[in-house]
Amino acid sequence: MTKQHLYLVDGSGYIFRAYFSLPKLTDPQGTPVGAVHGFTAMLWKLIEELNAAEAPTHLAVILDAGAKTFRNDIYPAYKANRPPAPEDLVPQFPLIRDAVRAFSVPCIDQPGVEADDIIASYALAALAEGFNVTVVSSDKDLMQLVQPGLDIFDPMKNIRIGRDGVIEKFAVPPEQVGEVLALMGDTSDNIPGVRGIGPKGAAELILEFGTVDNLLANLDAVKRPKLRDTLAEHAENARMSRILVSLKDDLPLAVPLADLTLKDPPHGPLGAFLTKHGFRSLMAKLGREMEADAAGPEPAPDVAFTHKDYETVTTSERLAWWVAEARTRGLVAVDTETDSLDATRAALVGVSLALEPGLACYIPVAHKKGEGLLAEAVEQLDIPTVIAALNPLFADAAVLKVGQNLKYDLIVLRRHGVAVLAPYDDTMLLSYALDAGRGGHGMDELSAKHLGHTPIPFKAVTGTAKAAITFDFVPLDRATEYAAEDADVTLRLLGVLRDRLWREGGTRIYETVDRPLVAVIADMEIAGIKVDRAALARLSAAYEVEIAALETQIFELAGGPFSIGSPKQLGEILFEKMGLKTGKKSSKTGAWTTDVTELERLAGDGVEIAAKVLDWRQNSKLKSTYTDALQAQINLATGRVHTSFALAATSTGRLSSNDPNLQNIPIRTEMGRKIRYAFVAEPGHTILAADYNQIELRLVAAIADEPALKAVYAAGGDVHALTAQEVFGEVTRDTRARAKTINFSIIYGISAFGLAQRLGIDRGEAARYIELYFSRFPGIRRYMAETIQGAKDCGYVSTLFGRKTHLSMINSKNAGERQFAERAAVNAPIQGTSADIIKRAMARMPAALADAGLTGTRMLLQVHDELVFEVADAEVEAASKVIKTVMEAANLPAAPLAVPLAVEIGTGASWGDAH
DNA sequence: CATATCACG
DNA sequence: GACGTACGTGATATGA
């Protein structure tokens with residue numbers, strides 16, 4: 001093994017050099033980052049150069065803590081002539097610490113002492129341990145330290161300074177540099193020294209007398225009288241200066257030497273840091289580096305999946321080892337096993353960790369054996385022990401945590417007292433950023449696609465259907481094979497997907513939108529929303545009465561009982577038994593269509609049973625899907641309903657909501673809307689609903705760059721009225737309603753047939769409207785054509801923020817499939833940009849509320865263009881302002897729009913009242 | 001497990 | 001000239 005070599009970087013010098021020598025720069029948030037950028041680039045270059053030439057084993061960056069130091073106690077004027085740090089440099093200091101950490105390099109400072117003292121202390125400690133040491137600094141004070149095994153690297157001049165170098169510069173050896181410095185003084189540090197004595201004179205004296213003390217004790221021996229008098233006069237200054245320039249080299253080491261081990265910069269945190277501050281050239285550099293890594297001469301051989309090698313962790317010692325190893329490596333894949341798919345109810349059963357391909361473990365915490373009431377716990381660590389061990393790991397800012405659908409694990413772990421903090425990555429979301437529209441993003445699918453490996457199916461360990469057991473009853477050996485493999489797969493997926501993300505793009509949407517949303521949405525799901533169970537029960541009862549009455553009437557009209565909920569039976573009754581009209585369409589299966597348009601047509605013709613069935617359907621839909629189901633979904637522990645938002649379910653970037661779906665709670669009919677009044681605020685709180693006004697149409701205007709539409713939004717006008725005027729020549733209640741349908745048809749990818757159907761006109765007339773529309777708004781036609789062509793060329797379309805939606809059928813030979821893909825291509829950038837915007841608002845919301853001191857305000861739900869909050873009554877006014885501001889500016893600064901975004905806010909005791 | 005229907009944006 | 005008919009979701013009941 002080669003000798004350990006510690007590099008100590010004097011960070012302060014880098015910072016000031018970066019600040020003064022480089023142009024000003026601000027990041028996307030508006031923070032000045034010129035020095036941060038310069039510092040980051042210089043540190044990176046240094047690490048590269050050191051790696052190329054010297055092979056350091058240990059590295060730390062040392063910074064000044066900024067406060068007063070012990071030298072000020074000795075000499076209040078110490079450094080008093082220094083101007084304060086420039087105003088725009090001050091906010092950059094913490095960011096520079098972030099930069100250092102992003103490289104996974106320890107960043108050390110200590111109040112009361114200077115960076116030089118820390119450097120001296122670490123240097124001597126390392127030498128005592130047998131290390132070689134190099135101090136990276138241009139500060140002459142540090143030259144005192146040079147000795148066998150310790151040299152200085154001056155990054156400004158790019159030279160190494162050893163004993164000879166010091167003698168060349170000061171004419172004295174390193175051990176006497178302090179003496180020389182004391183006589184010389186230092187104007188920049190306000191160290192007085194002895195007036196009139198410069199480097200030459202000081203060196204001469206020290207060469208003759210050895211030390212300042214000896215010189216002052218033997219002033220008689222100084223030959224030149226003038227000089228002798230000066231020395232006598234400033235003897236006190238000289239003594240004090242000698243103390244000021246000496247380095248304190250026996251400080252306790254805040255971070256042990258062993259923790260300064262140099263690692264490869266972890267790409268995840270570094271990428272996140274660079275992206276956050278918009279350091280594009282450095283991002284490109286990281287991308288190239290990762291590409292080179294990926295294509296390097298020694299690609300890591302694929303490690304086969306050998307499940308028997310996974311470890312079952314059942315002792316504190318082994319647990320401690322895995323945690324320590326994970327922290328040393330700075331990367332850990334994590335997966336939790338539970339007894340339920342519902343993260344807000346699930347009990348933790350075990351945790352698996354993976355550190356490198358093939359190196360993974362499973363930590364059981366709640367496994368049982370036996371059956372039912374006779375079940376007894378198996379031998380395993382208890383939950384408090386495991387939680388205490390995992391918390392420091394998952395909260396460590398120097399460790400990248402990676403999960404597959406990490407939101408689930410975040411929620412389960414949080415509910416058990418474990419916080420998982422940034423930095424983290426989610427392989428599901430990486431896949432989503434890369435491959436939206438190209439299939440699912442579940443682990444088994446990703447593993448098969450990217451690793452060529454089919455993981456053990458969940459059902460293979462728990463059994464199926466009736467015979468299924470929960471994971472806590474899976475024997476430990478099988479549980480370990482399954483669970484550790486999931487963490488292993490996740491870790492391997494990270495490698496594959498992260499590399500692709502850099503090469504193919506998508507880092508912006510992943511790192512600034514989807515990834516930060518994981519923690520935000522986890523909080524929303526944990527919060528849940530209060531539902532008034534009694535109100536729902538009353539509605540259920542009312543619907544039930546109505547359903548029963550309608551059923552009787554329907555059976556009477558039909559001439560006998562049948563299953564009204566069966567489209568097949570209903571079709572037969574209506575169109576065969578009753579021989580109603582021309583039983584219109586029939587679908588693929590050959591069954592009669594009985595959907596709402598068909599029944600409305602019949603009802604319009606005076607068919608009473610059709611109207612009754614429509615009414616019956618509405619009542620039974622509301623009862624079964626909403627009032628009954630929602631009561632069953634109330635979490636007994638919280639008294640609230642906790643939906644799950646799927647982050648990677650849609651092809652366009654939208655969220656979806658399930659178990660229960662809270663994004664399709666009725667509102668359009670008065671009867672259904674009653675259900676919204678059952679979504680209530682806690683006592684002392686108010687429900688606040690904030691929704692974007694016509695966001696998709698506004699985006700069409702902006703993206704298609706259509707002057708007339710942009711103008712009407714800029715002026716706060718009525719687009720539907722404008723369209724009515726342009727297409728129909730007049731604005732009436734009727735033409736405005738039809739114009740509204742036309743406007744929406746644009747968003748969905750217009751077709752004359754579809755528009756004709758919706759407007760109840762013939763196809764030719766619809767085609768004329770469309771043509772008229774396009775001639776009035778030519779930008780729209782151009783946008784549609786360009787978008788479709790772009791999709792055909794690339795296979796995908798993109799939102800304003802770079803989110804891709806792939807359209808595999810865009811060049812299909814099947815006209816139906818192809819046209820379907822073309823309409824989706826037109827729609828996806830609009831729907832997707834809207835999704836990006838509200839997600840950006842959501843990602844920013846918690847900090848914005850916290851910054852405004854609004855601790856009684858929580859974000860609960862998202863419904864595509866609407867955010868729902870629960871707000872302490874006293875905060876309603878302030879929260880409204882913050883929410884509106886954040887939402888209306890959510891496109892900025894990344895994508896300025898030529899139309900304003902408008903957010904409307906409503907408040908009330910319930911969701912129904914807030915609209 | 002697929003189909004039809006209908007709730008939402 | 002034919003194709004099939006507005007984009008994106010999730011829950012429920014029915015029936016094979």
Side-chain angles (χ1 to χ4, degrees), chain A residues 436-437 465 562-571 585-599 613-614 616-630 632-633 643-646 649-669 671-673 675-676 691-692 694-697 700 741-759 763 766 770 784 797 805 807 812-832 834-835 838 861-866:
Chain A
F562 68 102
S563 183
I564 306 171
S566 166
K568 183 168 175 280
Q569 290 183 35
L570 178 64
K585 298 181 289 184
S586 85
S587 65
K588 302 159 197 168
T589 56
W592 302 105
T593 296
T594 67
D595 67 13
V596 70
T597 45
E598 190 65 14
L599 292 183
V613 169
L614 279 171
W616 181 93
R617 279 208 182 137
Q618 188 179 16
N619 277 281
S620 56
K621 174 85 175 181
L622 295 176
K623 180 170 186 289
S624 68
T625 307
Y626 298 104
T627 56
D628 286 353
L630 236 40
Q633 285 279 2
T643 185
S644 174
F645 288 101
T650 71
S651 60
T652 55
R654 272 192 178 178
L655 303 180
S656 76
S657 159
N658 58 72
D659 298 306
N661 183 353
L662 295 185
Q663 290 182 322
N664 70 346
I665 300 302
I667 191 168
R668 292 172 185 171
T669 68
M671 191 161 85
R673 185 185 274 249
I675 293 167
R676 291 212 170 204
D691 57 290
Y692 284 106
Q694 294 184 357
I695 186 167
E696 292 195 357
L697 282 174
V700 170
T741 299
I742 294 173
N743 282 333
F744 277 104
S745 74
I746 298 296
I747 292 176
Y748 299 137
I750 199 163
S751 92
F753 184 95
L755 184 62
Q757 191 153 293
R758 266 158 220 271
L759 290 179
R763 222 167 130 173
I770 292 169
M784 291 177 67
V797 292
T805 296
L807 300 147
S812 171
K813 293 218 171 22
N814 178 318
E817 283 177 352
R818 188 176 63 247
Q819 287 164 353
F820 183 74
E822 288 172 359
R823 291 193 297 273
V826 169
N827 176 255
I830 302 162
Q831 188 182 115
S834 168
I838 196 166
L861 300 177
Q862 187 250 43
V863 192
H864 310 308
D865 64 356
E866 171 187 11

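Residue numbers begin at 1 in each chain, while the letters A, B, ... track the order of the sequences.
Taking only side-chain nitrogens and oxygens, A:Arg823 comes nearer than 4.0 Å to OP1 or OP2 of C:dC7. For the OP1/OP2 pair of B:dG9 and a distance below 4.0 Å, the side-chain nitrogens and oxygens of A:Arg654 include no atom meeting the criterion. Of the side-chain N and O atoms in A:Arg668, one or more sit less than 4.0 angstrom from OP1 or OP2 of B:dG9.
Among A:Arg617, A:Lys568, A:Gln569, the single residue meeting the side-chain contact (heavy atoms from CB on, under 4.5 Å) criterion with A:Thr594 is A:Arg617. The only option from A:Leu662, A:Asp659, A:Asn658 that meets the side-chain contact (heavy atoms from CB on, under 4.5 Å) definition with A:Thr643 turns out to be A:Leu662.
Looking at heavy-atom distances under 4.0 Å, A:Ile665 makes contact with sugar-phosphate atoms alone, never a base. As judged by a 4.0 angstrom heavy-atom cut-off over every strand, A:Ser651 is placed among residues touching the sugar-phosphate backbone only. Within the nucleic acid shown, A:Thr805 has no heavy atom closer than 4.0 Å to any nucleic acid atom. Contacts of A:Val596 with the nucleic acid, taken as non-hydrogen atoms under 4.0 Å apart, involve only primed sugar atoms and P, OP1 or OP2. Among the heavy atoms of the strands, none lies under 4.0 Å from A:Ile750. As judged by a 4.0 angstrom heavy-atom cut-off over every strand, A:Ser751 is placed among the base-contacting residues. Residue A:Arg617 is classed as a sugar-phosphate contact, given heavy-atom separations below 4.0 Å to backbone atoms only.
The distance from atom CD of A:Glu866 to atom P of B:dA7 is 18 Å, rounded to the nearest whole Å. Remark: C1' of B:dA7 and NZ of A:Lys623 are 17 Å apart, rounded to the nearest angstrom. In this structure, CZ of A:Phe645 is placed 16 Å from P of C:dT9, rounded to the nearest angstrom. Rounded to an integer number of Å, the gap from A:Gln618 CD to B:dC8 C1' is 14 Å. In this entry the distance linking CD1 of A:Ile770 with P of C:dA6 reads 12 Å, nearest Å. Taking atom CG of A:Leu570 as the reference point, atom C1' of B:dC6 lies 15 Å away to the nearest angstrom. For the pair A:Arg673 CZ and B:dC6 P, the computed distance is 21 Å after rounding to whole Å. In this structure, A:Leu759 places its CG atom 14 Å from C1' of C:dT5, rounding to the nearest Å.
Looking at A:Arg676, its side chain does come within 3.5 Å of a backbone N or O of A:Ile665 through a donor-acceptor pair. Listed for the A:Thr805 side chain is a donor-acceptor partner under 3.5 Å among the backbone atoms of A:Ser651. Of the possible polar contacts, one joining the A:Arg818 side chain to the A:Ser812 backbone as a donor-acceptor pair under 3.5 Å is found.
Taking atom C1' on both nucleotides, B:dA7 is separated from C:dA2 by 35 Å, rounded to a whole Å. C:dC3 and B:dC8 have their C1' atoms separated by 30 Å, with the value rounded to a whole Å. B:dC6 and C:dG4 are spaced 24 Å apart, taking the P atom of each and rounding to whole Å. Between C:dT5 and B:dT3, the two P atoms lie 15 Å apart (nearest whole Å).
Between B:dG9, C:dT5, B:dC6, one nucleotide has an atom nearer to the side chain of A:Arg763 than all others, and that is C:dT5. The nucleotide whose nearest atom lies closest to any side-chain atom of A:Thr593 is, among C:dA6, B:dT5, B:dC8, B:dT5.
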Each nucleotide in nucleotides 11-16 of chain C should get exactly one letter: B, S or -. Can you fill that in based on protein heavy atoms under 4.0 Å? BSSSSS

Check the pair A:Ile747, A:Asn827 against side chain to side chain contact (heavy atoms under 4.5 Å, CB included), reporting the backbone distance first and the verdict last. CA-CA 6 Å; A:Ile747 292 176; A:Asn827 176 255; 3.4 Å; yes

Please evaluate residues A:Gln757 and A:Arg763 with respect to the criterion side chain to side chain contact (heavy atoms under 4.5 Å, CB included), reporting the C-alpha separation (whole Å), side-chain torsions for both, the decisive distance (0.1 Å), and the verdict. CA-CA 8 Å; A:Gln757 191 153 293; A:Arg763 222 167 130 173; over 6 Å; no

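At least one side-chain heavy atom of A:Leu755 sits under 4.5 Å from a side-chain heavy atom of A:Ile742.
Mapping A:Phe820 and A:Gly816 onto DNA chain C by nearest heavy atom places A:Gly816 at the nucleotide closer to the 5' end.
Smallest separation of non-hydrogen atoms from A:Ala825 and A:Pro829: O-CD, 2.8 Å.
The base-pairing partner of C:dT12, taking Watson-Crick or G-U wobble contacts with both distances under 3.5 Å, is B:dA4.
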